There are 2 protein chains.
Amino acid sequence: MPSPKPLRMTRQRRIILDELRQLKTHPAADEVFQIVKRRMPRISLATVYRNLDILSQIGVIQKLETAGLQRRFDGNISPHPHVRCVKCGRVDDMTGDVRPLRPDEIPRAQGYTIHGYRLEFLGTCPQCGEGPGAAQ
Amino acid sequence: MPSPKPLRMTRQRRIILDELRQLKTHPAADEVFQIVKRRMPRISLATVYRNLDILSQIGVIQKLETAGLQRRFDGNISPHPHVRCVKCGRVDDMTGDVRPLRPDEIPRAQGYTIHGYRLEFLGTCPQCGEGPGAAQ
DNA sequence: TTAGTTGCAAACATTTTGCCGAACG
DNA sequence: CGTTCGGCAAAATGTTTGCAACTAA
């Protein structure tokens with residue numbers, strides 16, 4: 001297991017992390033970019049991307065869209081749960097059943113009207129197996 | 001409510017739908033393209049995209065990534081549920097608690113090793129409200 | 001006949017990468 | 001002072017769109 005590469009706490013990295021922690025929203029990269037630019041006008045979008053990536057890899061922040069970049073399609077329209085391989089991105093159906101949430105199990109979100117939810121399981125597919133492997 | 005525009009069942013549309021229904025996987029657009037091309041070598045990727053979009057809009061197939069295309073980031077790394085506005089894409093934290101799934105509530109998927117799951121609520125945010133509004 | 005559709009190419013949107021000078025530790 | 005890092009611009013990905021020709025109904 002390679003020892004993790006040493007990280008420097010640069011001004012841009014600190015500001016990105018700082019702003020992200022202040023925000024109650026969950027901004028996309030370019031929103032972070034706009035916000036950070038107010039404190040650091042010459043920062044580049046690439047730096048924001050690089051740092052968001054590094055910070056999420058070391059587990060200091062969360063990257064919400066695990067999904068990869070492509071959309072996937074399902075010829076089966078009945079609602080059913082899926083598994084996504086965290087290594088190769090492949091998606092399959094879950095076999096067993098999952099008990100749906102009862103309405104009273106759905107919490108509030110201020111101002112939101114909740115229509116439903118999406119449950120997706122994460123794991124590694126048979127091809128990718130357990131090993132370290134190239135993630136994402 | 002505008003009456004839905006009449007749709008034609010073209011050869012390409014039929015083949016796309018047909019192939020998608022056969023597949024047990026959940027292919028991305030370019031995989032559908034590769035597959036359909038075997039039966040229709042001159043089909044274009046744009047046609048595949050257009051039809052996947054139309055077919056999912058009329059509810060004949062499912063588009064799995066509701067998320068939009070951008071990744072979002074969260075400065076809070078503790079696992080907690082989110083709400084996503086289906087109209088503007090905004091993401092917020094859920095306030096209440098959601099009971100986590102017990103291990104025995106997690107179904108099998110042949111060959112997969114399940115590491116966890118992701119639960120995301122869908123709704124409309126206060127700004128977007130209930131109305132018809134521009135989705136996605 | 002005629003509106004919805006297609007293929008093609010170009011435009012878009014988002015994320016990643018190569019390069020080199022800059023700066024953290 | 002060496003290595004990681006940042007800025008910039010270009011490339012890579014994935015998806016959408018304009019347009020003239022085509023075709024299902």
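All figures in this text were calculated on a predicted structure; none of them were measured in a lab. Residue numbering restarts at 1 for every chain, and letters A, B, ... go by the order of the sequence lines.
Atoms CG (B:D53) and C1' (D:dT17) sit 12 Å apart, rounded to a whole Å. D:dT13 atom P lies 16 Å from atom CZ of A:R72, rounded to whole Å. Computed from coordinates, the B:L17 CG to C:dT5 P distance equals 14 Å when rounded to whole Å. The separation between A:R42 atom CZ and C:dA22 atom P is 12 Å, rounded to whole Å. Atom CD in B:E31 sits roughly 11 Å away from atom P in D:dT15 (whole-Å rounding). Taking atom CZ of B:R11 as the reference point, atom P of D:dC22 lies 17 Å away to the nearest angstrom. Atom CZ of B:R71 and atom C1' of D:dT15 are 16 Å apart (whole Å). Put simply, CZ on A:F33 is 9 Å from P on D:dG7, counting in whole angstrom units.
Checked by distance alone, B:R50 brings a side-chain donor or acceptor within 3.5 Å of a matching partner on the base of D:dG18.
Toward the 5' end of DNA chain C, the nearer of the two residues A:M9 and B:R13, judged by each one's closest nucleotide, is B:R13. Between B:M40 and B:P6, the residue anchored closer to the 5' end of DNA chain C is B:P6, taking for each the nucleotide with the nearest heavy atom. Ranked by how close their nearest DNA chain D nucleotide is to the 5' end, A:T47 and A:R8 are led by A:R8.
Annotation: the span from A:I16 atom CD1 to A:R21 atom CZ amounts to 12.5 Å, rounded to 0.5 Å.
At a cut-off of 3.5 Å, with distance as the only test, no side-chain donor of A:Q62 or B:R72 sits close to an acceptor on the other residue. For the residue pair A:Q34 / A:D30, no side-chain donor-acceptor distance below 3.5 Å is found, with atom types taken as modelled.
In this structure, A:L45 reaches the bases: a heavy-atom distance under 4.0 Å links it to at least one base atom across the strands shown. In this structure, B:N51 reaches the sugar-phosphate backbone alone: every heavy-atom distance under 4.0 Å involves primed, P, OP1 or OP2 atoms, never a base.
Side-chain proximity of A:Q70 to the nucleotides D:dC8, C:dC8, D:dT15 is greatest for D:dT15.
Listed pair B:Q12 / D:dT23 fails the phosphate criterion, with no side-chain N or O lying under 4.0 Å from OP1 or OP2. Put simply, A:T10 has a side-chain N or O that comes within less than 4.0 Å of OP1 or OP2 on D:dG6.
Looking at B:E65 and A:R84, a side-chain N of the basic residue comes within less than 4.0 Å of a carboxylate O on the acidic one, giving a salt bridge.
Residue pairs meeting the ring-ring contact (aromatic ring centres under 6.0 Å, His included) criterion with at least one partner in residues 20-51 of chain B, sequence neighbours excluded, are A:H82-B:H26.
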